[in-house]
Number of protein chains: 2
Amino acid sequence: MATRYVAKGAARKLRQYAPNTRRHLYDTFPNGPRLMMTRRWASASASSEHAEETYSKQVKYTSESYPNLKRDERFARLTDDHVSFFQKAIGDAAVIANLSGSGEGDLEVFNKDWMNKYRGHAQLVIKPGSAEEMSAVLRYCNEHHLAVVPQGGNTGLVGGSIPVFDEIVVSTSRMNKIRSFDEVSGILVVDAGVVLEAADQFLAEKNHIFPLDLGAKGSCQIGGNVSTNAGGLRLLRYGSLHGNVLGIEAVLPDGTIVDDLSTLRKNNTGYDLKQLFIGGEGTIGIITGVSIICPRRPPAVNVAFFGLESYELAQRAFREAKSQLSEILSAFELMDGTSQDIVHAVTQRKRPLESKYPFYCLIETSGSNAEHDSAKLETFLEHVMSQEIVSDGVLAQDETQAKELWKWREGVPECLGHWGGVYKYDVSIPLPELYQLVEDTRARLHEAKLIGDTDEYPALNVVGYGHMGDANLHLNVAVRRYDKAIEKALEPFVYEWIQKRKGSISAEHGLGLAKKAFIGYSKSETMIRLMKDIKRLYDPNGIMNPYKYI
Amino acid sequence: MATRYVAKGAARKLRQYAPNTRRHLYDTFPNGPRLMMTRRWASASASSEHAEETYSKQVKYTSESYPNLKRDERFARLTDDHVSFFQKAIGDAAVIANLSGSGEGDLEVFNKDWMNKYRGHAQLVIKPGSAEEMSAVLRYCNEHHLAVVPQGGNTGLVGGSIPVFDEIVVSTSRMNKIRSFDEVSGILVVDAGVVLEAADQFLAEKNHIFPLDLGAKGSCQIGGNVSTNAGGLRLLRYGSLHGNVLGIEAVLPDGTIVDDLSTLRKNNTGYDLKQLFIGGEGTIGIITGVSIICPRRPPAVNVAFFGLESYELAQRAFREAKSQLSEILSAFELMDGTSQDIVHAVTQRKRPLESKYPFYCLIETSGSNAEHDSAKLETFLEHVMSQEIVSDGVLAQDETQAKELWKWREGVPECLGHWGGVYKYDVSIPLPELYQLVEDTRARLHEAKLIGDTDEYPALNVVGYGHMGDANLHLNVAVRRYDKAIEKALEPFVYEWIQKRKGSISAEHGLGLAKKAFIGYSKSETMIRLMKDIKRLYDPNGIMNPYKYI
């Protein structure tokens, strides 16, 4: 019985930590604004621009880091005539060209990713302002065998939006208008280049939310989100883009405008072709418009943060949350102790919990009735504390505290890059084995003597965090420098490990350039053949985002 | 102030009608079983079999009702050699042949739909027992140019699963095993031939539910549900199959087994090809297995039934329900007064409300906490009664009452067929104009003197009902006999009406044979061309479900 008493004490401790928590939160925000989380990516992107002088010479060209990749000589080389055509077709201001240089100057920001991992040689950036302009551009490129890289907010993690050689960057950033919103049905229609956060802020005024949320929100564009089938923080509650996107407008390489911008929740009229573009990573066409169903903004939002003694207990906490919080559970995030140590080391912020734990979970609930949600959450908290599933926890008392707690999860990716770089794997694994991958990877790097506390070791740390609710782990290796020895230790090791568990080598980040060679670990030869058939059907000249995907 | 008092009186009346309603419901069913609705379709199917003697001679062959359709002579005619091959490949018991007759005897049930509207000439039915057997069958058919109709539970409404000429019926009914279920993730893997209700009952024991529910549940098969992208009653809450289906196994005409039976919630590894089969209506391959994410079974279920004075008020009630019931709203169904008069006339059951109203709504809530849900519902009810949005209403006191209320919605399709037949349209229309289609159609049939109370008129009634939550209307014309004059009055009138409002001519029932000619009202020429490209890619010989879809 002694343990029970301890547990009950723990439950009291939690309530003491956050007195009158829920009431306070709702009094302060009677209209229940959605938590405005700090978007670390936005600042990461800014700081990478700032860091250009320091880094740009250090960032290797992708063509050098992947020496096996050769420029496909079927593709034409750019001439001044090409540039003139584009200038006439969509206006001088929408074309940035530097045919003599190789991705320098104004072009540099389009040629590099925010992680300083990929770098291309594009000499031309084109920004069509409409589907019609996009159609003229792509038709010309297709006829003249000019290779193209579609680019949205350029926040990707797998090099999908960065040219490898001299592909033309076709940016959707000028297509940034909200086309329509219907308050009764919640159906939003936007241009592809609308920034996710801008859409969400627009929806906030209409008392709705975008059914997708992710760290890169401040920079990423909805067209890119849909093209990469981004998952993010709200998937647990609102489901995937395959379900929420109702229609798309896209342009095929031959200039065909795929006008499938339905605003109907149900529409069974033939093959659902738009689905091929969701997650198609710009390899068969470029999305120019999106229609999506958006839920009502939940007036009540709660955020709690726990420390747990083991991964096994984190799994139990998740099962309890699913069962007890059910329809109001909107996020269940896992962070290991190392990831939180790193955030602490980089930000020097005060930790949410006094003691340190090997695992942490962040839970968010979103519902329509503050009192009911609080009651459900309280019952849940008392249960997991009294059962000693959770060792300690805090509950945000107001929006500021909620934001602060979210930073301990959302800040992980940026903080990991603090010492130089990060090897990132975004994988799906059946829940029971999810964290084992982190431990096995850590052991492997130790064995290979590639990881350690001093500068002689290229790797610093192996961490695991992610969307536990979707069995989606982010395995990250923080490094002092990118090093082929680490890459060799990690690949194909990580992919083989996942293949054995029938997991996915790409849960939500896509294939891009990073995983092109490894799709065989998640898809059969038959599936790859069928995918190549689709690619050939839509893009027979192969001009769309070459060297990547499959 | 007088009206306000009346309204408050009405609210009291409602509470009086169902005293201690919620408590009673939950006391009786402490473990909160999901309401087991009576499946009218199942009995309709049985009664249509029973009615065979009466009807079978009256049911016209589809080839006669659609004289423009000609048998495609590229397809081979069946021989005894073909039959022998199939008998050897999958066993005698799995093959039903009658090459001399034309769809008679044992074959008749496969050659007709339950509405007695479509009738084919198939001489052969094949029931493969596995994906491998399916592969052998389809490869042979493809090589020998034998046309094929995939058939599941044969509960469709558009003739999609009925042969037109002598196509071979390939039935999935022998593939009826539940392959696996994971209680932590809620991911279910089943054979295509598993009956929806069987899956739901299996899940009930595991405290989960199937994320799709529809009237034909007792007969329809999951493979057919996925092939037709069935919508149904739970879409409002759980979203569409495009979001919930995680993987499929399907067989292509050339025998290729598409092994895409992922059990991962997130998996971004290439084009999401399975989506083409969801709603593909068996025209590019046959689904043999499905992996789907299933939610926890909500322990608290409430059902309420209202009378309303106008469609405008029904819209207001829906808006209020969305806002106040939010995450627990699991169904919002609309039925017009005529539809309820018909159910009453056919079943002679006591009406749920004393007075008659031009419109009725059925609301279902499903949540994890009975007390919270009741409180939310009570607040909502008091609001809509006091605002005179709703004129009268009842709340189910127990499972039996809830079932009874659902019958007034689910019984509509069967009762409509009572006098002979039904012309059925399943459409999506923006909510404000949704019901106008019913009124305009009614007026049109009156003008044409095709509708009336006596036998000289072929049509009896025009009714509207459906899933208001999804802007999905079922426009039904109950007739004494099928009559070309009615068809001409209805088509293309209905389709043009919908096209003008940018609606969909097929919301959840699919295209099948019924709407093949009309897809142009909902899709552009470009979209149709792109769909035909997909069809050609997968089924170059055109053997899969010919004469239908696009």
Side-chain angles (χ1 to χ4, degrees), chain A residues 184-185 228-229 231 239-240 242-244 256-260 264-273 275-276 278-280 296 319 322-324 326-328 367-369 372 376 428 431 470-472 503-511 519 522-524 526-527 530-531 533-534 537 549-550, chain B residues 184-185 228-229 231 239-240 242-244 256-260 264-273 275-276 278-280 296 319 322-324 326-328 367-369 372 376 428 431 470-472 503-511 519 522-524 526-527 530-531 533-534 537 549-550:
Chain A
V184 176
S185 63
T228 55
N229 189 29
S240 85
H242 285 292
N244 292 319
T256 298
I257 297 176
V258 179
D259 177 13
D260 197 19
L264 303 166
R265 180 137 185 190
K266 286 182 175 176
N267 189 5
N268 278 358
T269 47
Y271 307 114
D272 197 358
L273 297 180
Q275 302 286 356
L276 296 176
I278 302 175
R296 292 249 171 173
R319 281 198 294 271
K322 258 187 85 169
S323 165
Q324 294 184 41
S326 189
E327 68 270 17
I328 61 165
S368 61
N369 185 308
H372 293 167
K376 285 189 182 85
S428 286
L431 218 50
D470 314 316
N472 178 189
S504 169
I505 63 156
S506 177
E508 59 172 8
H509 292 170
L511 297 168
I519 184 173
S522 276
K523 292 280 179 181
S524 67
T526 303
M527 291 307 295
L530 293 172
M531 287 186 204
D533 287 345
I534 292 289
L537 177 65
Y549 205 57
I550 48 164
Chain B
V184 176
S185 63
T228 55
N229 189 26
S240 85
H242 285 292
N244 292 320
T256 298
I257 297 176
V258 179
D259 177 14
D260 196 19
L264 302 166
R265 180 138 186 192
K266 286 182 175 175
N267 189 4
N268 278 358
T269 46
Y271 306 115
D272 197 359
L273 297 180
Q275 302 285 356
L276 296 176
I278 302 174
R296 291 249 170 171
R319 281 197 295 271
K322 258 186 86 168
S323 164
Q324 294 185 40
S326 188
E327 68 269 18
I328 61 166
S368 61
N369 185 309
H372 293 166
K376 285 189 183 85
S428 285
L431 217 49
D470 314 316
N472 178 189
S504 170
I505 63 157
S506 177
E508 58 172 8
H509 292 171
L511 297 168
I519 184 174
S522 276
K523 291 281 180 182
S524 67
T526 303
M527 290 308 295
L530 294 173
M531 287 185 203
D533 287 345
I534 292 288
L537 177 65
Y549 205 57
I550 47 165

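Below, read A as the first sequence line, B as the second, and so on, with proteins coming before strands; counting in each chain starts at 1. Computed from heavy atoms alone, side chains included, the values below leave out hydrogens, waters and symmetry copies.
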Nearest heavy-atom pair of [X] and [Y]: which atoms, and what distance?
X: T269(B); Y: S504(A); value: CG2-OG, 3.6 Å
X: M531(B); Y: G270(A); value: SD-CA, 3.7 Å
X: K322(B); Y: V184(A); value: NZ-O, 2.7 Å

Let me know if [X] has heavy atoms under 4.5 Å from chain B in its side chain, its backbone, both or neither.
X: T526(A); answer: side chain
X: Y271(A); answer: both
X: N472(A); answer: side chain

Quick one: what part of I257(B) sits under 4.5 Å from any heavy atom of chain A, side chain, backbone, both or neither?
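When you check distances to chain A, only backbone atoms of I257(B) fall under 4.5 Å.
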For T228(B), is it the side chain, the backbone, both or neither that has a heavy atom under 4.5 Å from a heavy atom of chain A?
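The backbone, not the side chain.
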For the residue pair S368(B) and E327(A), confirm or rule out a side-chain donor-acceptor distance under 3.5 Å.
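Yes - a donor-acceptor pair under 3.5 Å links their side chains.
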Atom pair [atom1]/[atom2] of [X] and [Y] - distance to nearest 0.5 Å:
X: N268(B); Y: H509(A); atom1: CG; atom2: NE2; answer: 9.5 Å
X: N267(A); Y: S522(B); atom1: CG; atom2: OG; answer: 6.0 Å
X: S323(B); Y: R296(A); atom1: OG; atom2: CZ; answer: 5.0 Å

Give the intermediate values and the outcome of side-chain contact (heavy atoms from CB on, under 4.5 Å) for residues S428(B) and R265(A).
CA-CA 8 Å; S428(B) 285; R265(A) 180 137 185 190; over 6 Å; no
Can you spot which of D272(A), L530(A), L273(A) makes a side-chain contact (heavy atoms from CB on, under 4.5 Å) with L276(B)?
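Exactly one candidate clears the test, L273(A).
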